[in-house]
Amino acid sequence: MAKAIDKKTNKEIENEKDPQKKILLQKDYDWYLTYDKKRYDYVLRRERKFMYEKHLINIKRRCYYDKLNNEYVYPLDESLKIEKYQHISNKDKQVVLKMVAINKMTFNQVKAAFENCISNATIHNLIKSQIPNIVNYSITNPQLFKFIYIDIDDTYLRLRINNKGVKYKFKVIHFYQDYDEINKKFINEIKMVIVTKCNALEIDDKSLTLKQINVVIAKNYGDRCNFKVFVSSDGARDLKAIAERLNATHALDRFHVIRWIEHTFKTEQLKQINWLLNNSANKHSKKINLKKQILELVLAGKIDAAICKLTNLKEKYPFAVHQINALIRYLNHNKESIMTWQDPNYHGSFTETYCQQLVKSYFGHVGRCFSKIIFIKMLQANCMVVF
């Protein structure tokens with residue numbers, strides 16, 4: 001009888017065309033050949049469907065009675081770590097989480113990767129129930145470095161609560177201690193996002209941010225007083241105040257400075273200026289040339305020279321005073337922060353990059369709106385989240 005069963009099983013394995021199922025059938029059969037007959041009684045084979053390695057498996061696996069623990073067991077299920085109530089393996093759960101949270105795939109793209117054997121509701125529930133353990137920060141010998149760099153920026157997006165869009169503020173904070181130019185890698189890097197509901201008057205955003213920054217530094221790098229701290233931001237008052245409270249050197253994000261200058265020279269009044277200097281016939285090149293000069297002066301840290309050139313322009317073309325004055329005030333208020341760029345220990349700002357990478361990139365250009373619970377879970381797979 002046993003030989004007949006063995007022969008039938010071998011034939012079943014040989015004839016199986018699905019490679020994944022074939023491997024599992026063989027695994028179940030190997031355990032059957034070697035199981036402890038004193039402890040286990042073989043009962044029968046029972047059919048079960050479950051998702052394994054992005055593939056729906058319908059398989060008959062063997063059931064045994066464990067005389068020691070007085071229970072029925074399925075060795076194949078245990079080896080795959082699939083509980084009785086589960087229809088998808090833990091490995092596949094992590095794959096789904098990484099596809100959505102790390103690779104930013106849509107639910108439909110995930111379904112296609114799983115051969116459409118998984119539903120949107122299943123994906124939603126998997127992310128909702130999973131507690132991500134993907135983020136793993138490894139801080140090595142922080143005392144060997146003299147600096148801590150902190151990039152801070154805000155972005156605003158809507159999340160869905162009870163089918164209503166609610167506006168939230170996402171404060172993205174990026175910590176690191178050095179930048180490896182050869183491997184293009186941050187050393188002792190930590191990413192954090194603080195999520196707060198807009199118009200929530202009871203929340204002191206500045207104090208919350210300062211508290212969380214101090215917690216991260218103390219826990220991962222040690223005493224803040226042992227390091228020189230650089231804080232990069234878009235120049236908002238509350239972010240400058242945070243840098244001051246940290247006794248840090250503040251740096252203005254280059255992206256925002258360049259964008260401000262670009263925007264100034266695109267205004268309608270500045271377009272009206274007669275650029276026919278020295279009888280030149282090329283209006284456009286003269287305008288671009290002046291903007292380029294201002295940019296070069298600012299990037300070189302020659303803020304006073306840039307302001308002087310703008311002042312001369314304002315006196316020569318008084319109808320464009322409003323736009324030029326706004327740029328002059330901006331450069332004056334942020335002079336020290338722009339001068340920080342000349343510090344040889346300053347690596348630049350990555351605020352806009354991480355706002356895009358950690359938050360904005362999930363939403364695409366089609367106005368997607370995630371539920372609050374799902375999006376927080378997705379964020380947790382990429383960074384520390386304070387909600």
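Note that this is a predicted model, so its numbers are computed, not measured.
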Can [X] and [Y] be counted as an ion pair, charged N to O under 4.0 angstrom?
X: Asp92; Y: Lys54; value: no
X: Lys228; Y: Asp343; value: yes
X: Arg62; Y: Asp28; value: yes

Can you establish whether the number of heavy atoms outside [X] located under 6.0 Å from its atom [atom1] is more than 12?
X: Lys146; atom1: NZ; result: no
X: Glu296; atom1: CD; result: yes
X: Arg245; atom1: CZ; result: no
X: Ile373; atom1: CD1; result: no
X: Glu244; atom1: CD; result: no
X: Asn247; atom1: CG; result: no
X: Lys37; atom1: NZ; result: yes

Point to revise | For Tyr65, the rest of its hydrophobic cluster, which grows through side-chain links under 4.5 angstrom | key: Val43, Leu44, Tyr72

Does [X] reach the main-chain N or O of [Y] with its side chain, forming a donor-acceptor pair under 3.5 Å?
X: Arg61; Y: Arg46; answer: yes
X: Tyr221; Y: Asn188; answer: yes
X: Asn103; Y: Met105; answer: no
X: Asp238; Y: Lys206; answer: no
X: Lys49; Y: Leu56; answer: no
X: Gln20; Y: Ile57; answer: no
X: Asp180; Y: Asn183; answer: yes
X: Lys21; Y: Asn58; answer: yes
X: Asn69; Y: Glu71; answer: no
X: Trp341; Y: Leu252; answer: yes

Roughly how far, to the nearest 0.5 Å, is [atom2] of [Y] from [atom1] of [X]?
X: Lys169; Y: Tyr156; atom1: NZ; atom2: OH; result: 4.0 Å
X: Ile307; Y: Arg329; atom1: CD1; atom2: CZ; result: 12.0 Å
X: Met384; Y: Asn220; atom1: CE; atom2: CG; result: 6.5 Å
X: Asp66; Y: Asp36; atom1: CG; atom2: CG; result: 9.5 Å
X: Ile190; Y: Gln177; atom1: CD1; atom2: CD; result: 8.5 Å
X: Leu80; Y: Lys27; atom1: CG; atom2: NZ; result: 5.0 Å

**Study point:** Trace of the side chain to side chain contact (heavy atoms under 4.5 Å, CB included) decision for Phe227 with Ile217
**Key:** CA-CA 10 Å; Phe227 304 93; Ile217 291 176; 5.5 Å; no

Side-chain contact test, heavy atoms from C-beta onward, threshold under 4.5 Å: evaluate it for [X] versus [Y] and give yes or no.
X: Leu126; Y: Val100; answer: no
X: Glu53; Y: Val95; answer: no
X: Arg48; Y: Asp77; answer: yes
X: Lys191; Y: Asn382; answer: no
X: Phe170; Y: Leu157; answer: yes
X: Ile213; Y: Ile152; answer: yes
X: Thr209; Y: Leu239; answer: no
X: Phe114; Y: Val96; answer: yes

Practice item. Please step through side chain to side chain donor-acceptor pair (under 3.5 Å) for the pair His174 and Glu189, ending with a clear verdict. Key: CA-CA 7 Å; His174 174 228; Glu189 180 186 36; 2.8 Å; yes

Revision key, fill the gap. Which of Phe147, Phe230, Tyr149 passes ring-ring contact (aromatic ring centres under 6.0 Å, His included) with Tyr176? Answer is Tyr149

For a quick test of reading the model, state the closest non-hydrogen atom pair linking [X] to [Y] and the distance between them.
X: His124; Y: Ser371; result: NE2-OG, 4.0 Å
X: Ile294; Y: Ala306; result: CD1-O, 3.8 Å
X: Ala113; Y: Met99; result: CB-CE, 3.5 Å
X: Val193; Y: Cys383; result: CG2-SG, 3.7 Å
X: Leu310; Y: Ile324; result: O-CG2, 3.4 Å
X: Gly235; Y: Asn334; result: CA-OD1, 4.3 Å

Do [X] and [Y] share a hydrophobic cluster, counting only Ile, Leu, Val, Met, Phe, Trp and Tyr and linking them when any side-chain heavy atoms are less than 4.5 Å apart?
X: Ile173; Y: Ile187; answer: no
X: Leu297; Y: Ile303; answer: no
X: Tyr42; Y: Val73; answer: yes
X: Leu208; Y: Ile150; answer: yes
X: Met51; Y: Ile23; answer: no

Check your understanding: Does Phe350 have its ring centroid less than 6.0 Å away from the ring centroid of Phe186?
Key -> yes

Exercise for review: Decide if the gap between the ring center of Tyr64 and the ring center of Tyr35 is smaller than 6.0 angstrom.
Suggested key: yes

Exercise for review: Begin from the C-alpha positions of Ile376 and Val195 and carry the test side chain to side chain contact (heavy atoms under 4.5 Å, CB included) through to its verdict.
Suggested key: CA-CA 9 Å; Ile376 295 301; Val195 185; 4.1 Å; yes

Check your understanding: Please walk me through it: do His347 and Asp178 pass side chain to side chain donor-acceptor pair (under 3.5 Å)?
Key -> CA-CA 8 Å; His347 292 299; Asp178 203 354; 3.1 Å; yes

**Study point:** Pair Ser233, His250: side-chain N/O donor-acceptor within cut-off below 3.5 Å
**Key:** yes

Exercise for review: With side chain to side chain contact (heavy atoms under 4.5 Å, CB included) as the test, would you mind laying out the steps for Ser349 and His256 before giving the verdict?
Suggested key: CA-CA 10 Å; Ser349 174; His256 289 89; over 6 Å; no

Practice item. I would like to know whether Asn90 and Gln94 meet side chain to side chain donor-acceptor pair (under 3.5 Å); could you show each step before the answer? Key: CA-CA 6 Å; Asn90 289 331; Gln94 288 298 315; over 6 Å; no

